[in-house]
Amino acid sequence: MSGRAARAAAALLLAACTNTPALFGPPTQATCPAGSTLTYEGFGKPFMEQYCTRCHASALRGAQRHGAPSFHDFDTLFGIKAVYDHIDETSASGPASTNTSMPPDAPAPTLEERRQLGEWIACGMPSAPAP
């Protein structure tokens with residue numbers, strides 16, 4: 001069993017035992033369509049600023065993070081790429097699943113925004129080329 005599958009199985013077992021909703025869902029299996037135009041600058045950064053960095057930012061400490069784990073910081077592309085699989089399994093949508101455990105409160109992304117997140121991740125989280 002892969003590390004990702006083991007983590008998902010453990011989260012589901014914990015949820016079943018505690019009646020707490022699972023945080024990590026299954027991988028979305030989103031794909032990167034030919035001609036995708038989603039970039040960090042045009043999609044990833046605005047998405048993270050709108051929905052994620054209120055808890056997942058490197059400048060936040062302790063209670064300011066509202067339970068967000070350390071080193072899950074989405075205010076840089078590097079930070080996003082470090083845990084992209086967690087982002088997919090909590091917030092993205094694709095053909096295999098739609099994961100909605102994050103963010104835990106409003107505002108929350110639309111289904112289309114979650115689909116775009118899955119696509120952007122599947123495309124390797126590209127950044128716009130330098131001019």
Side-chain angles (χ1 to χ4, degrees):
M1 182 180 300
S2 73
R4 184 181 294 170
R7 186 174 57 251
L12 291 172
L13 180 60
L14 178 63
C17 294
T18 63
N19 293 323
T20 302
L23 178 62
F24 292 98
T28 64
Q29 297 180 11
T31 59
C32 183
S36 177
T37 59
L38 300 176
T39 63
Y40 174 68
E41 293 77 10
F43 172 77
K45 184 176 181 180
F47 181 96
M48 297 297 163
E49 288 173 346
Q50 175 70 29
Y51 302 116
C52 308
T53 57
R54 62 183 180 251
C55 299
H56 292 275
S58 56
L60 300 176
R61 302 282 182 260
Q64 294 174 313
R65 296 182 69 82
H66 303 282
S70 297
F71 306 111
H72 280 63
D73 298 320
F74 307 150
D75 48 354
T76 66
L77 182 56
F78 178 82
I80 295 165
K81 286 186 174 189
V83 293
Y84 73 91
D85 54 335
H86 293 180
I87 297 168
D88 180 68
E89 294 167 358
T90 61
S91 307
S93 182
S97 66
T98 294
N99 297 316
T100 60
S101 64
M102 288 289 138
D105 55 9
T110 64
L111 179 58
E112 176 60 17
E113 289 170 315
R114 289 181 190 278
R115 188 204 60 74
Q116 289 176 318
L117 178 62
E119 176 184 319
W120 180 65
I121 291 170
C123 290
M125 298 153 283
S127 183

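Hydrogens, waters and symmetry mates are skipped; everything else that's a heavy atom, side chains included, is used.
Taken from CZ in R114 to OG in S91, the straight-line distance is 6.0 Å, to the nearest 0.5 Å. Atom-to-atom distance recorded for L111:CG and T100:OG1 is 10.0 Å, nearest 0.5 angstrom. The CD1 atom of I121 lies 11.5 Å from the NZ atom of K81; values are rounded to the nearest 0.5 Å. Q64 CD to C55 SG: the interatomic distance, rounded to the nearest 0.5 Å, is 10.5 Å. Note: W120 CH2 to L38 CG = 9.5 Å, rounded to the nearest 0.5 Å. The line from CD of E112 to CD of E119 is 8.5 Å long, rounded to the nearest 0.5 Å.
Between the side chain of T39 and the main chain of A128, no donor-acceptor pair closer than 3.5 Å is present. No donor-acceptor distance shorter than 3.5 angstrom exists from the side chain of E89 to the backbone of H86, with no hydrogens or angles considered. When atom types are taken as modelled, the side chain of T31 and the backbone of P33 share no donor-acceptor pair closer than 3.5 angstrom. Side-chain atoms of T76 come within 3.5 Å of backbone atoms of G79 as a donor-acceptor pair (strictly under, hydrogens ignored).
Counting all heavy atoms, side chain and backbone alike, P26 lies closest to S97 at O-OG, 3.0 Å. Nearest approach of Y40 to I80, heavy atoms of both residues: CE1-CD1, 3.8 Å. Residues A30 and A122 come closest through the heavy atom pair O-CB, 3.3 Å. In terms of heavy-atom proximity, C32 sits nearest to S36 at SG-CB, 4.3 Å. Summarising the geometry of H66 relative to R54, their closest heavy-atom pair is CD2-O, 4.2 Å, with the distance given to 0.1 Å.
Checking T90 against N99 by side-chain atom types alone, no donor-acceptor pair falls below 3.5 Å.
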Decide side-chain contact (heavy atoms from CB on, under 4.5 Å) for F74 and I87; before the verdict, give the C-alpha distance in whole Å, the side-chain angles of both, and the deciding distance to 0.1 Å.
CA-CA 10 Å; F74 307 150; I87 297 168; 3.7 Å; yes
Show your working on side-chain hydrogen bond (donor to acceptor under 3.5 Å, both in side chains) between D75 and S58 and close with a plain yes or no.
CA-CA 7 Å; D75 48 354; S58 56; 2.8 Å; yes
Apply side-chain contact (heavy atoms from CB on, under 4.5 Å) to residues F71 and V83 and explain how you reach the verdict.
CA-CA 9 Å; F71 306 111; V83 293; over 6 Å; no
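For residues 60-69, every residue pair satisfying the salt bridge (charged side-chain N to carboxylate O under 4.0 Å, His left out) rule, not counting sequence neighbours, is listed here: R65-D73.
With sequence neighbours excluded, the residues that form a ring-ring contact (aromatic ring centres under 6.0 Å, His included) with Y51 are F47.
S93 has its side chain out of reach of Q116: every pair of non-hydrogen atoms, C-beta onward, lies at least 4.5 Å apart. Contact of the P27 side chain with the D85 side chain is not registered, since no non-hydrogen atoms from C-beta on lie closer than 4.5 Å.
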